[in-house]
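A short write-up of the structure that comes next.
In what follows, chains carry the letters A, B, and so on, assigned in the order in which the sequence lines appear, proteins first and then strands, with residues in each chain numbered from 1. Values below: every heavy atom of this structure, side chains too, minus hydrogens, waters and symmetry copies. Just so it is clear, the model here is predicted, and its values are computed rather than measured.
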Amino acid sequence: MPELPEVETIKNDLLPHVVGRSFAEVVVASPEVVKAPSPEEFRRGLRGQRIRGLRRRGKYLIFDLHSGDAFIVHLKMTGALLINFCPDGYRAYFRLDHGTELAFTDRRKLGGLWLVPDAEIIVGKLGPEPLEAGFTVQALADMLGQRSAPIKALLLDQSFLAGLGNMYADEALFAARIHPLTPARDLTRARVDKLYGAIRSVLQAGIRSRGASVDTYRTPDGGQGMAHLAFKVAHMKGKPCPACGTPIERLALRGRGAYFCPKCQPPPAEVTKPQARNPKS
DNA sequence: CCCGGAACCTGAAGGC
DNA sequence: TGCCTTCAGGTTCCGG
């Protein structure tokens, strides 16, 4: 499940192979992965274009082209970009002018490819980058403001903050000792400070470990990341909390699994006693 | 504007 | 053994 550290790793690995190259051949094997324009316009429009740069924004991978167009990839859950290796069942295939081959694979076909005249059409609505200098602890405090949504729902909202996904959100909340259902506006400033540091440190650790290879995540050379080996709560239901030994619990939040330690991350008051709300009293 | 839930997609895993 | 349900979750859309 590529989140910020996984996409950052892929970007860094691909960078030396693609910058300055141009697309010599474009094959779309699964038309449904091309989101814009039409698959045929995409194929014709991308062919011949030269790559000026490659960057990451949130979980999007952006190939900036000399024409000003942008070729954008989102891997969603099961997508991968492989270099010089094209497995059966690939969704799209790209050959660059010096012979480098790129294959886009995506078992579940949730991922997407775009060719747009301006990258901002796709990434313009994303929130701030958590690892950039402009994202300060005061900025986070201001963003949380009077929001009543559960803190974890906000952390997963890409227009709120770009790049965190389910795994790293759970890890950051554990590191900051915050229950995932805590209303954002109920966080004390001390908690916001801890959360800010936790978000940045779990993402930086994830990048250093080349991402987390749960499910089908692969680096462009087909290798795996090691970040999941350091996870403390994500996907650890029933396993002992590394801090206190209490079994990790899972609750459903917005259709996602939220993993947390019930002792280290005590629930907010309203969640503790839902049955106290009795109309007949 | 804000919030929550469903849908999309496919394969693995668990329960009975 | 086999069938059924649940889980996995990034994003978008819809309804209150």
Side-chain angles (χ1 to χ4, degrees), chain A residues 1-8 10 29-36 56-62 72-81 87-92 104-114 116 119 121-127 129-130 142-173 180-186 202-203 206 211-218 225 227-228 231 233-239 248-260 268 270-271 274:
Chain A
M1 306 146 194
E3 303 181 24
L4 186 154
E6 288 74 29
V7 181
E8 180 73 12
I10 293 167
S30 293
E32 57 268 50
V33 303
V34 177
K35 304 303 180 185
R56 179 194 59 74
R57 178 78 172 91
K59 303 169 192 170
Y60 291 86
L61 197 55
I62 303 172
I72 302 182
V73 179
H74 199 301
L75 301 171
K76 292 279 182 82
M77 299 288 295
T78 57
L81 271 178
D88 292 344
Y90 69 93
R91 304 296 180 190
F104 173 65
T105 63
D106 187 6
R107 193 184 67 200
R108 288 168 64 180
K109 290 188 287 189
L110 291 168
L113 310 176
W114 295 260
V116 288
I121 294 169
I122 303 299
V123 300
K125 46 195 181 318
L126 293 176
E129 283 289 329
D142 292 344
M143 286 157 56
L144 293 170
Q146 288 304 302
R147 302 287 295 263
S148 61
I151 181 62
K152 186 173 174 192
L154 289 182
L155 295 182
L156 292 178
D157 179 350
Q158 300 300 296
S159 66
F160 180 84
L161 185 64
L164 273 186
N166 207 38
M167 301 181 300
Y168 293 97
D170 279 348
E171 291 300 311
L173 288 172
L181 295 182
T182 309
R185 62 186 173 204
D186 292 353
V202 299
L203 292 175
S213 279
V214 302
D215 211 343
T216 58
Y217 166 72
R218 290 294 182 277
H228 56 291
F231 284 167
V233 295
H235 297 147
M236 295 292 179
K237 183 183 177 185
K239 303 268 170 40
I248 299 303
E249 292 183 8
R250 173 191 186 272
L251 60 81
L253 171 65
R254 297 274 241 278
R256 304 270 99 68
Y259 296 86
F260 66 103
E270 314 88 76
V271 179

Do [X] and [Y] have side-chain heavy atoms sitting under 4.5 Å apart?
{"X": "A:Tyr60", "Y": "A:Leu126", "answer": "yes"}
{"X": "A:Phe104", "Y": "A:Leu113", "answer": "yes"}
{"X": "A:Phe160", "Y": "A:Arg147", "answer": "yes"}
{"X": "A:Leu164", "Y": "A:Leu203", "answer": "yes"}

Using whole Å, report how far [atom1] of [X] lies from [atom2] of [N].
{"X": "A:Asp157", "N": "B:dC2", "atom1": "CG", "atom2": "P", "answer": "10 Å"}
{"X": "A:Gln146", "N": "B:dC1", "atom1": "CD", "atom2": "C1'", "answer": "15 Å"}
{"X": "A:Leu154", "N": "C:dG10", "atom1": "CG", "atom2": "C1'", "answer": "16 Å"}
{"X": "A:Ile72", "N": "C:dG10", "atom1": "CD1", "atom2": "P", "answer": "19 Å"}
{"X": "A:Leu144", "N": "B:dC3", "atom1": "CG", "atom2": "P", "answer": "11 Å"}
{"X": "A:Lys35", "N": "B:dC8", "atom1": "NZ", "atom2": "P", "answer": "13 Å"}
{"X": "A:Leu253", "N": "B:dG4", "atom1": "CG", "atom2": "P", "answer": "8 Å"}
{"X": "A:Asn166", "N": "C:dC7", "atom1": "CG", "atom2": "P", "answer": "13 Å"}

How long is the gap from CG on A:Leu75 to CZ on A:Arg218, to the nearest 0.5 Å? 13.5 Å
Between protein and nucleic acid, restricted to nucleotides 10-16 of chain B and to nitrogen or oxygen atoms under 3.5 Å apart, what atom pairs and distances do you find?
| from | atom 1 | to | atom 2 | distance (Å) |
| --- | --- | --- | --- | --- |
| B:dT10 | OP1 | A:Lys109 | NZ | 3.3 |
| B:dT10 | O2 | A:Arg108 | NE | 3.3 |

Using modelled atom types only, decide if a donor and an acceptor are shared between the side chain of A:Glu8 and the backbone of A:Arg56 within a distance under 3.5 Å. no
Determine yes or no for a side-chain-to-main-chain donor-acceptor pair under 3.5 angstrom, with A:Glu249 supplying the side chain and A:Lys237 the backbone. no
Establish, with yes or no, whether the OP1 or OP2 oxygen of C:dC7 is under 4.0 angstrom from a side-chain nitrogen or oxygen of A:His235. no
For nucleotides 11-15 of chain C, tabulate all protein N/O to nucleotide N/O atom pairs closer than 3.5 Å, reporting atom names and distance.
| from | atom 1 | to | atom 2 | distance (Å) |
| --- | --- | --- | --- | --- |
| C:dT11 | OP1 | A:His74 | NE2 | 2.1 |
| C:dT11 | OP2 | A:Lys59 | NZ | 3.4 |

Looking at B:dC2, C:dG9, C:dG10, which one has an atom nearest to any side-chain atom of A:Met167? C:dG9
State which residue, out of A:Thr182, A:Asp157, A:Asp170, fulfils the side-chain hydrogen bond (donor to acceptor under 3.5 Å, both in side chains) condition with A:Lys152. A:Asp170
Among A:Thr105, A:Val33, A:Val34, find the residue that satisfies the side chain to side chain contact (heavy atoms under 4.5 Å, CB included) test when tested with A:Arg91. A:Val33
